[in-house]
Amino acid sequence: MMTVPTDLSDLVRHATEEKDVYAAAALHPWVQPAQRRLLEDLWSERRQALLLAQMEGTPATVLEQLFALNDASVDARLARHGNTAAVVLEKLFQRSQAGAQRQRLRRYLVANPATPHKVLLQWVEAEQDLDVLKGLCANSGAEPEVLGLAAQRGIAALHTLLAVNLASNSAVLQHLWAGATEGIAAQILGHPQCPEALLETIPNTVLQRRKLAGNARAPSPVLQVLSADKHWSVRRAAAGNAATPVALLTALSRDEAEAVRRVVAMRPDLPVTAAAWLAEDDDDWVRQVVARNIITDSEVLGRLAQDAVMEVRRAVARNPACSAPLVAALAKDENEWVRAGVAYRADVPAQVLHQLEAGETSADVLSGIAQNAAASQHMLQQLVQHENPDVRRAVILNKMAPRALLQKILQDPYALHRGMVLGHPHLHDEDRWQLHQDPDPRVRFAVYGYFGRRLGMPKTSGTTM
Amino acid sequence: MKILVAVKQVAAVDDDFEIRADGRDVDPDFLIHDLNEWDNFSLEEAMKIKEAAGGEVEVVVVSVGPESVDEELRKCLAKGADRAIRVWDDSVEGSDPIAIARIIAAVAKKEAPDMLFAGVQASDHSYAATGIATASFLGWPHAAVVSLLNYTPGSKMATLQRELEGGTYAEVELECPAVLTIQLGINVPRYASLRGIKQAAAKPIDVLTPSALGLAAADVGEAGSLSRVRRMYVPAKGQAELIEGTPAEQVARLVKIIQEFKGV
């Protein structure tokens, strides 16, 4: 039996004795400065620094330490990393004022949503490199003031990016509207911040009407007109818009275009009579969507459960409103994908699930059973050793899986499974610590990260994976 | 009965990297190493034959490279290979696929396997030459891009399917011993168990030098190669423009671009 570390010094000792760069990176945020220096010695080679600067999940404290290396290639990776702190990005900006690779660094910095506002402001008015400006205009973390200044530069190549950037506000979009091409105007009409006045006029082109019809802020009278548009793609956009009045849905459910009926069939506010009508549709896809819709009544679902098309029956099996007798009937369906739909239901009665278990060989159905909290312990015992990794993985997702089964997954050949099982609440810390020398670095990173948080966080904060 | 499986440690790069000072390769600090993807399938095919024969088949993996290659050889041992051989000394540096094939052929002469498997190609340099060149040095029958294999240990013949262009296949019969280059998808490669990985860590790897295999200095390295990388570089990006607007506006812009290129 391995002894689980009881303090951070113990963890640091393990990481340094193993010379484990991944363990050291995971521990770094949780330990004292003197311990950090011991860990930092493990990534003193450039190769390791480059690796950590690229690795998803590298903590911000490690990235900040890597900044001190003053290595242009490491800097480029830091500028793109999602965990790099704003203060480091600002320092990178200062560093980007000179150096052979400054343009590359700038392109990455302006595109990082965490780059501070004041840094972007310094760039937006004076920058000449079009690629840098494009990165800035596509930055979803940029503030409207920055995007507005970019729009005022009058560079046409930036306007599409600004029109699709969700951070653009109505003032930016209003500025772009004057002289906008058809495509940019359409993007503005579809933007959540589209100026109010623009939403009240029916555009001339199909593209613009389609984007307007999909805008949740479009006024009802406009949506009424667009829901009767001569082009099916506009009517389809209106059918999918939650703001489209319910009164229009009955007409849309009888639209001549399948694409429109497919969209209207999935609306949670669809009138029951329209759902019944759509359940008789010649198009399989329409019937499938209405079979999945929670408002479809049980009598209609009963008919759809008899549908010749497997996907329609599967949709009934996945519908939360499907009645218990119907679920039991679908559990005996000849098609495995339909039975799998039953197996994945959280509310499937234990008796039905046990019937499904008997003699089942389909990996899809077995995966559904394996993740189901109602699955029998006997069945889980078999599934945890199943040859198909999807089935074994589903056991990890089962909140009721007992510790003894989860311990078997600690030996699973798939590193992904070993990493996933660490987060299961039924596992004990002595189980988790067994993986601290796992051959896969991602697993070791997760183990040390867990214990670092557990021992390094204030006691009142609790610990979760 | 013995199957020799030639494997390679390949290198991958991320989207930003630096070229080495001599301009002939990527700076090694930027390389991420792994076992060549094709070699997982070659090894699995050998393991399937071994397991079907009830353990009377020995699977030996061989690779040419420095000490870091041991990591890939241990992966093969963890999956069930019986032995691993690595060939290296400084004289091997700079070898092209022909020189590497000469080394693998020398190992094959020493080991005298009944079959030699290699991947169709390596994912890093994509020469697709080493396996077939090895067959040439040995003077053995060979088949490339094998997507199905029927072979009973001890048999003098093997039947196999080769993947050809246009979705066609060729069914081929050939005498053994033979060299086969194995295609992706021929089987489902296994994952090494944790126990296998731990056991492999303790297994010895035979390290041989070219001279121990009877090869002269002129047979390996740049001296024994038929090609040499002169320069490695990232080509300049081409220019592209997304033409927006109405069909009429798009046509007008397209005409303007054509006129600019033609100098009208």
Side-chain angles (χ1 to χ4, degrees), chain A residues 45-51 53-55 71-80 100-101 104-105 107-108 130-131 156-157 159-161 163 180-187 204-208 387-389 392 408-418 434-435 437-441 443, chain B residues 11-21 26-35 40 44 47 68 70-72 74-80 187-202 234 236-237 239-253 256:
Chain A
E45 289 178 19
R46 187 181 190 223
R47 176 182 180 76
Q48 292 153 341
L50 285 163
L51 185 150
Q54 181 89 344
M55 187 177 81
D71 179 311
S73 287
V74 172
D75 284 353
R77 293 181 179 202
L78 296 178
R80 288 194 300 173
Q101 309 218 31
R104 178 173 66 147
L105 190 56
R107 284 173 201 172
Y108 293 151
L130 187 59
D131 286 334
H159 290 186
T160 302
L161 295 166
T181 62
E182 182 199 356
I184 291 172
Q187 291 297 341
N204 290 326
T205 73
V206 171
L207 179 61
Q208 290 175 16
E387 63 178 6
N388 188 311
R392 300 198 304 275
K408 291 184 178 174
I409 296 171
L410 294 172
Q411 301 296 318
D412 197 284
Y414 268 41
L416 170 68
H417 293 180
R418 301 195 299 275
Q434 284 180 38
L435 295 180
Q437 290 176 313
D438 193 277
D440 191 283
V443 176
Chain B
V13 288
D14 286 308
D15 52 3
D16 66 315
F17 56 87
E18 293 172 13
I19 298 289
R20 218 167 56 185
V26 174
D27 183 328
D29 281 342
F30 290 82
L31 298 178
I32 300 161
H33 293 115
D34 202 354
L35 182 65
N40 285 305
E44 182 64 32
M47 291 303 301
S68 67
D70 284 354
E71 191 176 340
E72 315 314 333
R74 291 204 189 281
K75 287 178 187 169
C76 299
L77 291 169
K79 289 184 180 186
N187 52 46
V188 180
R190 69 194 64 193
Y191 276 71
S193 67
L194 274 186
R195 178 183 293 179
I197 292 169
K198 284 171 186 164
Q199 288 173 344
V234 180
K237 279 186 185 170
Q239 285 190 323
E241 178 184 333
L242 183 64
I243 302 175
E244 292 178 335
T246 62
E249 289 168 341
Q250 290 173 336
V251 168
R253 176 65 189 140
K256 194 174 173 191

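Since this is a predicted model, take the numbers as computed values, not measurements. To find a chain, count down the sequence lines: A is the first, B the second, and so on, and within it residues start at 1.
Using a cut-off of 4.0 Å between Lys/Arg side-chain N and Asp/Glu carboxylate O, A:R46 and B:D27 are scored as salt-bridged.
More than 12 non-hydrogen atoms from other residues, nucleotides or ligands lie less than 6.0 angstrom from CD of B:Q250. Within a 6.0 Å radius of CD in B:E241, other residues, nucleotides and ligands contribute more than 12 heavy atoms. The number of heavy-atom neighbours closer than 6.0 Å to CD of A:E45, taken from other residues, nucleotides and ligands shown, is 12 or below. Within 6.0 Å of the NZ atom in A:K408, the count of heavy atoms belonging to other residues, nucleotides or ligands exceeds 12.
Contacts of A:D440 with chain B are absent, with no heavy-atom separation under 4.5 Å from either backbone or side chain. With a threshold of 4.5 angstrom between heavy atoms, A:L207 does not approach chain B through any atom at all. The part of A:T160 that comes within reach of chain B is its side chain, from C-beta onward, which places non-hydrogen atoms under 4.5 angstrom from that chain.
Interface remark: of the candidates A:R77, A:R80, A:Q54, A:R77 forms the most heavy-atom pairs closer than 4.5 Å to chain B. The choice from B:L31, B:L242, B:D16 that makes the most heavy-atom pairs within less than 4.5 Å of chain A is B:D16.
No side-chain donor-acceptor contact under 3.5 Å links B:R195 to the backbone of A:Q411.
Considering every non-hydrogen atom in both B:S193 and A:P413, the closest pair reads CA-CB, 4.4 Å. Of all heavy-atom pairs spanning A:R47 and B:D29, the tightest one is CB-OD1, 3.5 Å.
The CZ atom of A:R418 sits 4.0 Å away from atom CG of B:L194, with the distance rounded to the nearest 0.5 Å. A distance of 9.5 Å separates CG of B:D14 from CG of A:L50, quoted to the nearest 0.5 Å.
Side-chain contact between B:F30 and A:S73 is present, with heavy atoms from C-beta onward closer than 4.5 Å.
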